[in-house]
Each structure stands twice: as structure tokens, then as C-alpha cells.
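Only a predicted model underlies this, so the values are computations on that prediction, with no experimental measurement involved. Hydrogens, waters and symmetry mates are skipped; everything else that's a heavy atom, side chains included, is used.
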Amino acid sequence: MSCSLLEFCRLQELKTVRDYLFHNQTPEPLEEKSQTDNELSWDTSDWESAWDSGNNKEEEEETAGQSEPWLQDCVVSLSPCADLLVVAHEHKAVFLSAKWRTDESGREEMTLAVSWTGTLNTEEGETISCLSRECVSSSICIPLASQKRSSTGRPDWTCVVVGFTSGYVRFYTENGVLLLAQLLHEDSVLRLKCRTYEIPRHPGVTEQHEELSILYPAALVTIDGFSLFQSLRACRNQVARAAAAGSDMIQPPPLAYKKWGLQDMDTIVDHSSVGIMTLCVFDQMKNASILGGFNASVKGSPPAMNQYVTVGGGPYTGFYYAIEGSSQPLLSHVALAVASKLTSALFSAASGWLGWSKNKNEEEAVQKQKPKVEPATPLGIRFGLPDSRRHGESISLSPCNTLAGVTDDFGRVTLLDLARGIAVRMWKGYRDAQLGWLQVSEEQGDREFSPSASLPRRHALFLIIYAPRRGILEVWAMQQGPRVGAFTVGKHCRLLYAGYRLMGVNSVTSQGWQLHTQQVCLLDPTNGALRTVNIPFHLALSDKKSERAKDMHLLKRLTTILRSREVEPDFLEREGKNVLLDIKHPAIKKQALESLLSHKNVPVSCLTNITHTVFDTLKQQGNVSDSLEGIEDELSSVGPTLKRYAELTSRPSVSFAQDSPDSPLPAQAFLSQMECTEGLCSCVSFAGNFLFWDCLCGKCPLHKVCDRLQQAGISPQQLLKEVLQKPNETVRNLHALLIALSNMKVEVSWDPQSISPWWQQVRTTCIQSHNVAAALLAALVAYRAAKASITSRADSKVLKSQTCTHIHVSEKHRTHRLSRFYVCVCQLQSEWEAVSLELEQWVVCVRQLEDVLVLQTLLLVPPSQGAAGGTAAQCSIKTLLEGGTGGIADNVSKWVFRHNLSPERLKEIVQKKEVMAASVHTIPCNLFRHCPLCFAELLVAVCQRFPHSLSPDLLFAHCCWEYVVQWNKDPEEGRYLCWAVEHLKLVSSPHIQLGISTMMWSTFVVKRFSAATFLIEKVGKAPKDRLCRRIYDVGFDVSMTSFLGCCVQLLQILMEADSAVEEVSAPELSVEEVWSGADGPASIAELALEQRGVHYPLVQHHCLLASLLHAAMTFSLKMKPLSLFDSKGKNAFFRDLTTIQLMPSGDMDPGLVSLRQEVSVGQKYSGTGSSPLPSSGPKAGWWPSLCLELGSLLQVNPDILRRHLVCELYNQGLDLRAEEVMLEVEDKDVLGSQLLVLTGQRLCYSLLHSQSQTQAAMELLARLPPTLCTWLKAMDPSELRCPLVPLSQTSRLVGRLIEILPENHAQYVLALHLLEAVEALTTED
């Protein structure tokens, strides 16, 4: 499970390759070496004296030529598919192709054998002296994908691209056939690099195009991959046709390329084409300001650019950006090296030409014609990493195109972040280093059962550094990861990193392909071995802070292997050992071992071998504790039983009636079927019902059962769990059985000064039990058994010591504590503490069970018919402790909701707690009777048992939160929100009130409140039920009106609590002493105390809006609430109440004030559709005060509101209330004019529109003055909400008019005429 070097191929005839390339040349000897390296290229400088020079003379002669560094002087390139290797020196080249052969052991292995050797010349018949002027400077092998539909990802063929010092770039087949040649720049080719298509792993990643980049000392040429792919296919097809039929040459499509003149850099030796990238808006503006100055313009969308990174000198690293479309691609006619006729010499291994024409003079004329070279487009450097003394030597681009490794002449390796253009890491001591990258994807099997299986696979990136001076190959995790692997290799190896895959692949053709490529290979010239680096994915997680993540990854891998259906036992054993030995954390190692042992398909031999290996490793490390001693004996005893079980289950069997499981089986017969080895029983699990039922029922003597189990070798710990799970008919038998099991323990395995593991097991079972009554009974019995066991053990130790006196200690505090025991005074004082600690644990456990029993009795009381209902929560000590400090109050609040208990009723019950305190102590005893107590007394009893956890404030707070949660689930039930607010009002602490109000508003209320506001603003009135249900999901008639009223109350509570917080100190929350070990989420009260304070003006601002909405919904008013506020007020709505917002100032816009005044006085929304105001009931006095309060908040003149209120009251016939409000009106003249019109409407209705018109009324109308009669006929009595008003009230109203109108008023005379008319009507009646 660590890094490894795997040899996957070996070169044949390596000596032949060297001899051909260095024919008649003497390679340079090693510096200061009297003895060459051996075949494995080990550095023997430190231990040369150990060799016997006389015995190794023959070996030195054989390896003298092979160990010399001849490969360092060659140009070497390997295909990513590892099926073609090119080794070139000067003008010669050797092509080695993949072949399969069978070794001595009969296994097939891949080798690279020489398939072509020759001179990479341009013209046939050239002399060697001419060729010496043109040498190979760079080469790459590009595999071309097959276009057939049946292709599975293997390349169709491989093209060898070779660059020369003359500037030519030539393309060959695997057989050395020249396809085409190009002279794109008149200078030496420095480096050839290729980029192929990769499927984007994440959405939004720019899809990169394929290209071939050619670097010259001052220029960079990029050939489009699609154009190159089509040209190479056409050339190869022409070669095939010419070889088969001798047909004429066909002109292939021209190459499309771009040529950039790299400027502002002194020397360039290597490059990387990163691909197309797009800057973010910030970087675009930054570059525009730097390049264009202050007045630079920025385009709307960032342009797409090709990024090129170069290394060399002045600066050390340069970054170039070519904007897409800034340079048009150039078209070059392909110089084909294909003749019209071919002979058999075409396939000669020494020929690089396809053939020759009949006219040699014409051929020479064509070849001597110099191709046209296009000029380069200037490209300036954008920025660089300046370092005047440092010169870069090579750059290697990562597969993800985000990082690059750079080597320099100072022996440093620098890691570049290409997106930011900075160096993020540097290694030193790597002179002449060679770099490569390895991208490892997460194993597919590890993701099949992972919850993130639908997400893209994760990838880890590693940098491979080969240091030839030290002969070491290192693997480093990116970006700041550690070194995860190091290998000692030869000093003359070559690290081959392609950085590309198949050319001609796209998103359509690559569907379903399995591309088999090697990312990094190490070529050792001493033995011709090609090795690749294997890196597990989990090593990316293996830094110092994530060892646990690595262990979890290994555990997941083991689980995946175990889930596989068909796994070889040898493979399972090998992988299991590797995983268990690699895991560091003991807990995870234990979990992995348990997974193996519990798997049913793992063979016994495999489990034994794995366990022995782990045990031996732990023993060597010194980590074996006393508990692991004797594991070999236990394994040896388990093994035969499992083997025999496997043999028996595989045989066919017949069952008889007398062998049915219902028939009784004696214990002796059952135990006799168990195979025992040296007194240890091989049975691991057994039936507790079979073993202990008769004993618990008193039908079987206790000592016989214990003797048989002890002889069988079964530990008491295994028996204890089975005993506690059986129903107990007799407490006495259970008590005796527990004492007997406790006495079966031969040795005491726990420290007397700590808690006994034996009795802790019993307490754990009681704590986890949901059957609280049975758990309390078992705890009481176990407590007495523990007391008896501890007392007998203390007595036995006292008798053995014979140096202690005994003191009798009587019980003083609790009746269920230890009544009598002996304590050693002199030498057993520590034992006194152990006994006290153990018994104190039992006291706490019994007290907790008593509390839980009372609580569960309350929770199991069925709700009344018609209540909310729901299942009662099953509680235990464990669930209450895990529920945190608020778990008890949370359970009670859910019970209150299920029983539909109103806040007033709950308040009465809580207030009666002190009154009923005298009878509460008898409640736990009454719980066991058949006649249950009423739920009120049970609730009081629970509150007495939990005085701190169920204090009134905590109980009301949890009830408030429970009701608001239930309302959020069902918004139609507006009663839930109303009761939540009522419970909140009962909380006495303003700190808790403030916190809960804030949480309620931000979590549940504000979203629906904003939706209601925008809905009313949109329709301009109370929305209809259909629209309300579609947008708001509740009806408007009841639910939304109730909701808005609760919003007003909630905000008012919030303001009152915020005002009272400074006057009262925050409460200190506490829990009962026996429940102090609660470990879980914080309670609602604790969360409320952690809330920040609110901004009072912002809360008041929201309260004003809520009051407007509530009034609009209550009285069906027409209004657009948001139009009553300015821009600051609108922006402040629905913000976090704890933030400080920009609120409206005191000076309001006059137009806005006028609009508010119209809304306030009802001119804008008064009409036939408005509902009448309430004349009686609780709302009769509420809505006038609401109008006045809203008017003051809306900055409307209160006198205008009072006058309008008086008119509305008279309009509805509420004259007495109108007279009360009239006393507060200041401008009596305007009010008199308004009431005069209302009086005229009443009189007009009585005289002209009433159905009970009398002759006397008609005669009175005829006697009225003409002006008054005309004025009355102009009145519209339909505006009156209550036209049928007694004449006595109208007469009283006219009298009020005469009082408030001055005599010089213009309408005073009209008022006198009205008074006469009303009095006349009254007299007639």
C-alpha cells in the first residue's frame, strides 16, 4: 500500500542500439572512476575495497561498455502507450517496437525490440559529411487514435516527430518512412511538445484543443492538432496506396499553424503551452490598468487567451499570453516525400524514403528549392520571474495544466502556480534533475458504496523528481505535501514523461474508451528495464495531520474487497495483511480486524494467518498488552470448531420430529455436544433462554447451572448480558443469580480505587433500556447484589490480612444505601474509597431510573380525543443524556403539544406545583397502582423531580419552540403560532424572551411575512383565498390574519424584552446534580442567551409594517403598504434585526405624508367593499387605539385622525363613544362642518328615503325653509353605515353641533334649521 517501482517492459539488443549509434566513437569515460558501476548502477565508491579485483575482471570487461553514460547524449522519446521507443544520436536513429515473448517461467512479458535503424536524412545519396551539419535535437512519439467504431482506445499507429538543428521538422511512421517535412523557421529546433484532448473533469473548465508546439530560440510555432491529424492520415494513406498499387501522389490538406516571435527574454531553452484560459473580471481590470494606464478601457467579457510559459534567462521564467483572434493561422503546403512509384526498397530498414522518380535531375531541382518561411507575429512578455543569476533548464507541465516544475542551473526545482504566476515551492540539491508528473485517480471500487459516488472522481497529483547525481527517484505530493516515496536507482537513467495521450480523440469518439497510457517511465540503460511508478491514491492524504484519513481510506478499501462476491483467498489474505499492517490508529485497526473476523465468506485459514501476522507485528513493536496474551490458544481452539462446522453444514442432513427445537433438551446433553480443548469451550454464542429460564423460575438449582457453565469455560461477562435480557419472574432468583455470576470470577480485573467493569456492564444495560420499570427493578436487585459481593470480598481480604480491625458503619442518609459493611482501617483505607465510589454510582443510577420512570409515565398518558396525537417518545437514561441539557424539557413540551394543553392551563398547573408539594413524595409509589393519577398531578410530579430542567421559564420556552415548529409544518393551523406567542409571553426572563423572539423571527416568521407583504403590495388589498394559497400556501381569511396579528405581538414582545434586558441580569441555567453528565445539543434557552441584541428602531419599523398589514387584513382595507415608506424604509425591511440599518429620517416628503394621511383617515380605502368596524367586543376598543397609534408612527396629525374617528363612530351609530372621542378634538370648527353633513344625511334618510314615511313627515318637509329642503335633497344617505338611528340621538348630535359651532360660522344658521326640523320630527313621533 505504498509507492512502488514496477517493471513492465525490458529493452532487447541494447548493446546493438549503442553500437549502432556510437559506431567508431569512444564514449566519454566516467569522471574520476577507476571502476565502473555494476549492472544495477549502484554507487560503489564507498565500498570498492570489498571487491576482489582478481575475481571480477571478467565482469568488469563485460559491463565496461554498458555502464558508461551513453544514453545521456541521446535524444530519447517514448510513446505514451509504451509501444514505441525512439533513440537518436546526431543523424542516426533506432526505433524499438513492442513485442510479446514467453520467459523461462512460461509467463508472457512485453519487450521492446529493434524494428528500424537508419539515418534520418532528407535526400537519398547524401554523404555523411553533409549529414553532419544537420543533427537531431528533439523528438516525440505521438500515437494517433483509430477512427473505427470498434476501437477500444488502442492507437491506430504512432507518428514519430523529429526536430533538427537545421530548423526542419519531419514526420515518420513506425517503420522509418518519411511522411512530410516542414521548415517553419530558420533556426535550430529546441523542443517539441504535444497537447492532446482531455475530458474536462468539472463543469466550467475550458476544453483544450490539440496542438503540436515547436520551440526555436526566438520563436514558437503551434500547429493545430486537427489539421496535423488530417494531414498525417492523408500522408499515410497515400503511402499505403503507393506501396500497394503505385498510384500517383495526392495533395494532402495544408497545415494550419501560428508563429509567435517571443520578445523581451534573453535566452529561451524550454517551454510549455498551457492552453486556453479566461481571466476573472478582477484580473482583467488589473491587467487593463497596468498595461493601459488610468484611462484604459475594459471589455464587457474577458477575452480567451493562450498561455505560454518559457524558461531560460533574463527573466528566469516568462509568461506570454496570446489573445484568441489576434493572429490568423498560416497555411503551409505540405512537402511530401512520396514518389509516384515505390519499389521493394520502400520497406528496407535502412531507407528513409518512400521511393524515387525516374528523372533524377527534376527531383534534385525540386529538393534544392528553398521553402518559403513566414514571418513571426511579435508577442511581448506579460510578466516573468526575474533572477539575473539563475537560468532555467527545463519545464514540465502538470496534467491538470495548473502547475509546472522548473529546473535551473543552481540545482533547484521550483513549483509554479500558472494561474497566479508565482512560485509556491522550491526544492534544492537536485542538480541536472529530470521531472515528471503522475495523476492518480480514486479507485472505482472505493466509490461504489460511497455516498459521493455520483460526484466526479477525485484525483491526486504527484511530482516525480529524478536526481541523477544522487541516483534517487523521489515522489512528492502536491502542492505542499510531503515526500511519499523514494527509490534508489541508477545514476545514468532517463526519466521519460510525455505529458500527452492519444491525438485525434474528442468528446464523442472517446465514449467508452479505456485509454492505456503510461504517464511516467524510468529507463535504466544498464539492464534495459522500463519501470513505472505506482502510487496509491491514499498517499495524497498521508501528511502529518491526516493519518486518520489515510487509515479510513484503507478501511474503506478493505470493506470494498470484502463486499466483492468472487475474491481469491490468496488475494484476500494478502490485501488483508497489507491493510492491517498499514493502518496506524489502533481503533481503526481493531475495526478492520473485526470486519474480517465477522465476514462469513473468509476462510478460517485466512483469518488465522492474518491474525497471527498482526499479533506477531504487535509483539515486535512491543504493543501487546496483557489482554492479548493467550490469543494463540483461543485461536487454536476456535479453528477446529469452525472447520468441523463447515464440514457438517456441507453434508446433506435429515431432521426428525424428536429433534425439533420445541422439544426439551437437557443442559448436560447440550453441553456434551460442545468440543472442548484443555477445559476451554469452543462455543462463542449460546441461547440465554435455554440456559437461564429454569434457573430464574426457580425450577433448577443455581449451583448446578453455574458449575456446568464454569466447566464449559464460558466467561461470566458473556452470561451477564443474556441474564439481563430475560424476563424476571422472581426478584429473589435474579438476585441470587447475579451474586453467583459475580462469584464465578476467579480474579479481580479492576482496580479497587476505580469503578468495577463487571457492575458497570450491568449499569450500562440499565441505562440503555427503554423499559424503565424493568430496568429500575434490575438496578435495585443488582445494587443489593453488588453490595453483598463487595462486602464478602472485603471480609475475605480482612481475614487473610489478619492485621485489621472491623468497624460497623450505620446508614445515615438514604435508606437504599449500604446498610452494613466492614472497612479496613489500617491497610485497606483505599478499599473504603473504592466501595464508596462503586456504591455511589449505583445510587446515581437508581435515582436516574426513578426520575425517568416518572417522566415516562407522564409521556405514556394517552391524549384526549381530538388532540394533536402522535406517538409517545421512548426515553431512557441514555437518550436523555444524549439529548443535552434541554432534552427533558423537550420531551415534556412535545407531551404538552400532543395533549393540546393551552398556555393558561399549563400556567395554572405550574403555579400549583408548590401547593401540591406536600403530596408529591407519594406519587412514585402510586405509579405502580392500577388507578392512574390525573395528568396534572403527574406533570407536577415530573416538575418536582426536575426542578432545574423544568423550571417555568425553560418549560415555557420549549413549549413556545415546539408550537412554532409545528406551525411551520402546518401553516393552516394559526392556533399553533398564537399559542407559541402566548407561551413566549409567560417567560419571565427578558433575556430568554429576546433570544427566542429573535430566533423565531429569523427562522420561521420573516420569510412568510415578506411573502405576505409583497402579495398585499401587488394586489393593493386583502388577497383572495385562491391567490393566497397559490403563493403563500395558506388561506387569507383566518390563517393569514392570525399570522399577521401574531407578528405584531411577536415584535412587540421583542421590543419590550429589548428594553428590559439592561434592567435584569441574565439567568444562570443549571441542571440536577444526577443529570450533570448530559452531553448533547444545547437547549433552546442556552441558544437564546447566545443571541445578539436587536436594533430597536429596526424592530419598531417592522412592527409598524406588521400593524398596517394586520389592519388591512382585518378590515379588508385597500392599500399598498410599501408605498407608504421612502427608499430607506423599503430597504430596511426584512433585514436581520441584529444589524444596524439606515432608517428613515424625521423629515418626510410632503407627498408621502399626504399619502399616509389619506390612508390613515380612510379616504383611499373607504367604499362599499369595506367591512363595518366592530361596535362591541374586544375589537371595539382595539381598532380606535390602533388607528391613533399607527397615525403617530406614520407622522400623521393626530387631530385629523380623531376627527375622522368621530365621524366614523357617528357613521356607524356609535354616538356615545363618538362623544367621548370628541372631547379630545382640538379643531372644533372643521369637526362641526363634517358632523353637519352627517346630520343632514341622517335627516334626509328619515324624511326622503325611509320606507316608513308618514304624512306628518311629508307635511314637515313642506314647511321647511327652501334652502334647507334643497340642501337635504342633495345629501346621499347611502354613505351611512347605520342609517336607522333613533331621532333622539340625532337631536343630541344637532345639539352638540350648536355647541361647537361659533355663531359667526357660515353654517350656523343651517344648523339652527336642522335643530328645528329634528325637534319637529321628535314632537310628531
Side-chain angles (χ1 to χ4, degrees), residues 72 75-80 138-142 163 190-196 198 208 211-215 220 268-275 307-312 316-320 384-385 390-419 421-440 459-468 472-479 481 483 485 489 493-501 517-523 532-533 535:
Q72 304 297 331
V75 176
V76 184
S77 60
L78 178 67
S79 170
S138 180
S139 70
I140 59 173
C141 301
I142 304 178
L190 296 181
R191 196 62 61 94
L192 296 172
K193 291 192 176 182
C194 181
R195 185 176 71 241
T196 56
E198 291 287 342
Q208 302 297 335
E211 71 172 13
L212 173 67
S213 57
I214 308 166
L215 179 67
L220 177 65
I268 301 176
V269 296
D270 199 0
H271 79 291
S272 282
S273 177
V274 181
Q307 183 183 16
Y308 305 104
V309 183
T310 59
V311 296
Y316 155 62
T317 304
F319 291 81
Y320 294 87
L385 300 180
R390 190 183 305 273
H391 295 273
E393 294 180 346
S394 67
I395 182 172
S396 180
L397 181 65
S398 67
C400 57
N401 297 335
T402 58
L403 302 175
V406 179
T407 62
D408 54 44
D409 55 350
F410 284 174
R412 305 290 196 269
V413 175
T414 307
L415 181 65
L416 298 181
D417 187 340
L418 300 181
I422 60 174
V424 295
R425 194 172 184 181
M426 181 177 285
W427 295 265
K428 67 177 182 178
Y430 295 89
R431 193 172 297 276
D432 301 329
Q434 301 173 28
L435 305 181
W437 294 89
L438 193 61
Q439 186 172 260
V440 181
H459 293 74
L461 192 62
F462 299 91
L463 176 63
I464 314 297
I465 305 177
Y466 170 56
I472 188 173
L473 183 73
E474 297 182 345
V475 182
W476 292 82
M478 293 293 101
Q479 296 183 14
R483 188 179 74 173
V489 295
C493 301
R494 288 291 294 269
L495 186 67
L496 306 177
Y497 170 67
Y500 58 92
R501 305 177 82 173
T517 57
Q518 299 290 345
Q519 299 185 53
V520 177
C521 296
L522 184 71
L523 175 59
T532 183
V533 184
I535 306 176

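Looking at residues two or more places apart in sequence or on another chain, you find a salt bridge (Lys or Arg N to Asp or Glu O under 4.0 Å) between D417 and R420. Among residues two or more places apart in sequence or in another chain, the side chain to side chain donor-acceptor pair (under 3.5 Å) test is passed with E474 by Y430, W476, R483.
L435 places a side-chain heavy atom less than 4.5 Å from the side chain of V413. For the pair F462/V533, no side-chain contact is recorded, criterion being any heavy-atom separation below 4.5 Å from C-beta on. A heavy-atom distance below 4.5 Å is found between the side chains of L473 and L495. Counting only heavy atoms from C-beta outward, the side chains of L418 and N401 never approach each other to under 4.5 Å. At least one side-chain heavy atom of I142 sits under 4.5 Å from a side-chain heavy atom of L212. No side-chain heavy atom of R425 sits less than 4.5 Å from a side-chain heavy atom of Q479.
Heavy-atom minimum distance, A433 versus P468: CA-CD, 4.2 Å. The two residues I395 and K193 come nearest to each other via the heavy atoms O-NZ, 2.8 Å. In plain terms, the two heavy atoms of D408 and R412 that are nearest each other are OD1-N, 3.0 Å. The shortest heavy-atom contact between Y497 and Q519 is CD1-O, 3.3 Å. In plain terms, the two heavy atoms of S273 and Y308 that are nearest each other are OG-CE2, 3.4 Å. Between D270 and S394, the shortest heavy-atom contact is OD2-CA, 3.4 Å.
Atom-to-atom distance recorded for R390:CZ and L385:CG is 10.0 Å, nearest 0.5 angstrom. Here the SG atom belonging to C194 is positioned 10.5 Å from the CD1 atom belonging to I214, to the nearest 0.5 angstrom. Separating the OG atom in S79 from the OH atom in Y500 is a distance of 6.5 Å, to the nearest 0.5 Å. To the nearest 0.5 Å, atom CZ of residue R501 and atom CZ of residue R195 are 15.5 Å apart. The line from CG of L416 to CD1 of I422 is 9.5 Å long, rounded to the nearest 0.5 Å. Taking CH2 of W427 as the reference point, atom CD1 of I465 lies at 5.5 Å (rounded to 0.5 Å).
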Start with the C-alpha gap between L463 and W437, add the side-chain angles, then the distance that decides, and say whether side-chain contact (heavy atoms from CB on, under 4.5 Å) holds.
CA-CA 5 Å; L463 176 63; W437 294 89; 3.7 Å; yes
Please evaluate residues T414 and T317 with respect to the criterion side-chain contact (heavy atoms from CB on, under 4.5 Å), reporting the C-alpha separation (whole Å), side-chain torsions for both, the decisive distance (0.1 Å), and the verdict.
CA-CA 11 Å; T414 307; T317 304; over 6 Å; no
Run V520 and V475 through side-chain contact (heavy atoms from CB on, under 4.5 Å) and show every step you take.
CA-CA 11 Å; V520 177; V475 182; over 6 Å; no
Please evaluate residues C400 and Q439 with respect to the criterion side-chain contact (heavy atoms from CB on, under 4.5 Å), reporting the C-alpha separation (whole Å), side-chain torsions for both, the decisive distance (0.1 Å), and the verdict.
CA-CA 8 Å; C400 57; Q439 186 172 260; 4.1 Å; yes
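The backbone N or O of P80 sits nowhere less than 3.5 Å from a side-chain atom of T517 that would complete a donor-acceptor pair.
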